[in-house]
Amino acid sequence: ASDATAQDGPVPPLQAHRAIYDLELKQASERSGIDAIYGRMVYEFTGAACKGYTTRFRFATRINTGDEVRMSDQRLTSFEDAKTGVFRFDNQSFTDETLDKQVKGEATIKPGGVTVTLDGENARSVELPESVFPTMHMQEVIANALGGKALFDTRVFEGSEDGDKSLLVTTIIGKPKTDADNGADSDGKAAAALSAKPWWPVTASYFNEGA
């Protein structure tokens, strides 16, 4: 099967991609106690609608306080299968190469809500309200952008923090643009096959329940 046959509606096939960002602290106040921060963020998205999507994310930083250098490393891996309504996630946080925290489990969409089963030391099961998973939300964003809808709300479960709650997400979609709107330095130039296609600026705001 292919994305073109497996997906319903106007959403085109999602493309596998990898993005790398090098980060550097621009400035910090004297009270912060931080002299410099350097880091790298890597996002990788692979898969297809007929077999599920895998996302890998890593965010590593070196924090220099003047007296010491501290390493922080966040690693997130998830697999999402919209056909079966299953989302598996493994989130790890390291400090100086020592594992501080791991949240691992599986979420399943069921009538009326989402059931989350957490593994490890805090193994338990949690029932949550109706929610979508991250790739499903991405497809909703694309569908609304193509349909000309600028604002929508939804509830998203992505296994973040302690993996036991979903978040309320407000998504704002700007007017469509093309690569030419950004000039010769646009990131789109690095992906010639996509550079002529329209894109939309998107802002997504995440809120806790009752916030």
Side-chain angles (χ1 to χ4, degrees), residues 3 7-27 39-47 49 52-59 61 74 76 78-82 85 87 89 91 107 109 113-114 116 128-191 193-211:
D3 282 8
Q7 290 184 184
D8 295 325
V11 179
L14 299 179
Q15 302 296 314
H17 60 281
R18 190 169 191 251
I20 302 174
Y21 303 90
D22 287 319
L23 309 172
E24 181 177 352
L25 179 66
K26 184 176 181 180
Q27 64 182 25
R40 172 168 287 186
M41 184 167 62
V42 180
Y43 176 89
E44 184 179 67
F45 181 84
T46 58
Y53 293 102
T54 296
T55 300
R56 294 181 178 88
F57 174 85
R58 186 173 181 182
F59 182 27
T61 57
Q74 294 179 310
L76 293 74
S78 66
F79 172 78
E80 180 178 336
D81 187 350
F87 177 70
F89 57 95
N91 299 339
I109 295 176
V114 171
V116 181
L128 300 176
E130 290 185 6
S131 308
V132 299
F133 300 141
T135 302
M136 296 168 66
H137 179 234
M138 186 190 307
Q139 291 171 317
E140 285 186 355
V141 173
I142 296 171
N144 280 292
L146 292 172
K149 187 174 182 180
L151 175 68
F152 73 98
D153 297 313
T154 190
R155 186 185 293 271
V156 180
F157 177 83
E158 53 184 22
S160 58
E161 298 184 13
D162 293 325
D164 57 358
K165 63 181 179 181
S166 54
L167 298 173
L168 302 173
V169 182
T170 295
T171 303
I172 301 173
I173 304 171
K175 295 181 179 180
K177 298 177 179 292
T178 64
D179 189 63
D181 296 326
N182 272 1
D185 294 331
S186 169
D187 288 340
K189 297 296 183 183
L194 301 176
S195 62
K197 296 182 179 295
W199 55 273
W200 292 259
V202 174
T203 299
S205 301
Y206 292 73
F207 303 92
N208 288 317
E209 186 74 37

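Because the structure is predicted, anything quoted here is derived from the model rather than measured.
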Spatial distance of atom CD (E44) from atom CZ (R58) [nearest 0.5 Å]:
12.5 Å
Could you grab the distance from atom CE of M41 to atom CD1 of I20, nearest 0.5 Å is fine?
11.0 Å
Which residues satisfy the side-chain contact (heavy atoms from CB on, under 4.5 Å) test with E130, sequence neighbours excluded?
none
Can you name the residues that form a side-chain contact (heavy atoms from CB on, under 4.5 Å) with A145, not counting sequence neighbours?
I173, W200
Do M136 and I109 make a side-chain contact, defined as non-hydrogen atoms from C-beta onward lying under 4.5 Å apart?
yes
Residue pairs fulfilling ring pair (Phe, Tyr, Trp, His ring centres under 6.0 Å) with at least one residue in residues 154-173, sequence neighbours excluded
F89-F157
Is there side-chain contact between P12 and L146, with heavy atoms separated by less than 4.5 Å?
yes
Evaluate the side-chain proximity of D22 to E24: yes if any heavy-atom separation is below 4.5 Å, no if none is.
no
Using the salt bridge (charged side-chain N to carboxylate O under 4.0 Å, His left out) rule, collect all pairs that involve residues 135-150, keeping only residues at least two apart or in two chains.
none
Nearest-0.5 Å distance, CG of residue N91 to CZ of residue F57
10.5 Å
Determine the minimum heavy-atom distance between T46 and R56, stating which atoms define it.
OG1-NH1, 4.2 Å
Report, one line per pair, each donor and acceptor closer than 3.5 Å where one atom sits in a side chain of residues 204-211; sequence neighbours left out.
{"from": "N208", "atom 1": "OD1", "to": "K165", "atom 2": "NZ", "distance (Å)": "2.9"}
{"from": "E209", "atom 1": "OE1", "to": "R155", "atom 2": "NH1", "distance (Å)": "2.7"}
{"from": "E209", "atom 1": "OE1", "to": "R155", "atom 2": "NH2", "distance (Å)": "3.1"}

Point-to-point distance, once rounded to the nearest 0.5 Å, from CG of N144 to CG of L151
9.5 Å
Decide yes or no for V156 and L167: does some side-chain heavy atom of the first lie under 4.5 Å from some side-chain heavy atom of the second?
no
Scanning both residues in full, the closest heavy-atom pair of V116 with A107 reads CG2-CB, 4.0 Å
dist E80:CD -> T54:OG1 (nearest 0.5 Å) comes out at 10.0 Å
Heavy-atom check, side chain of V202 versus side chain of T171, under 4.5 Å
yes
Interatomic spacing from NE2 in H137 to CD1 in I142 - rounded to 0.5 Å
10.5 Å
Contacts of type side-chain contact (heavy atoms from CB on, under 4.5 Å), residue T61, not counting sequence neighbours:
I37, F59, I63, S72
Considering only heavy atoms from C-beta outward, does the side chain of F87 approach that of P134 to under 4.5 Å?
yes
Any side-chain heavy-atom pair of E158 and S78 under 4.5 Å
no
Within the structure provided, determine whether T135 and L14 are in side-chain contact (heavy-atom separation under 4.5 Å).
yes
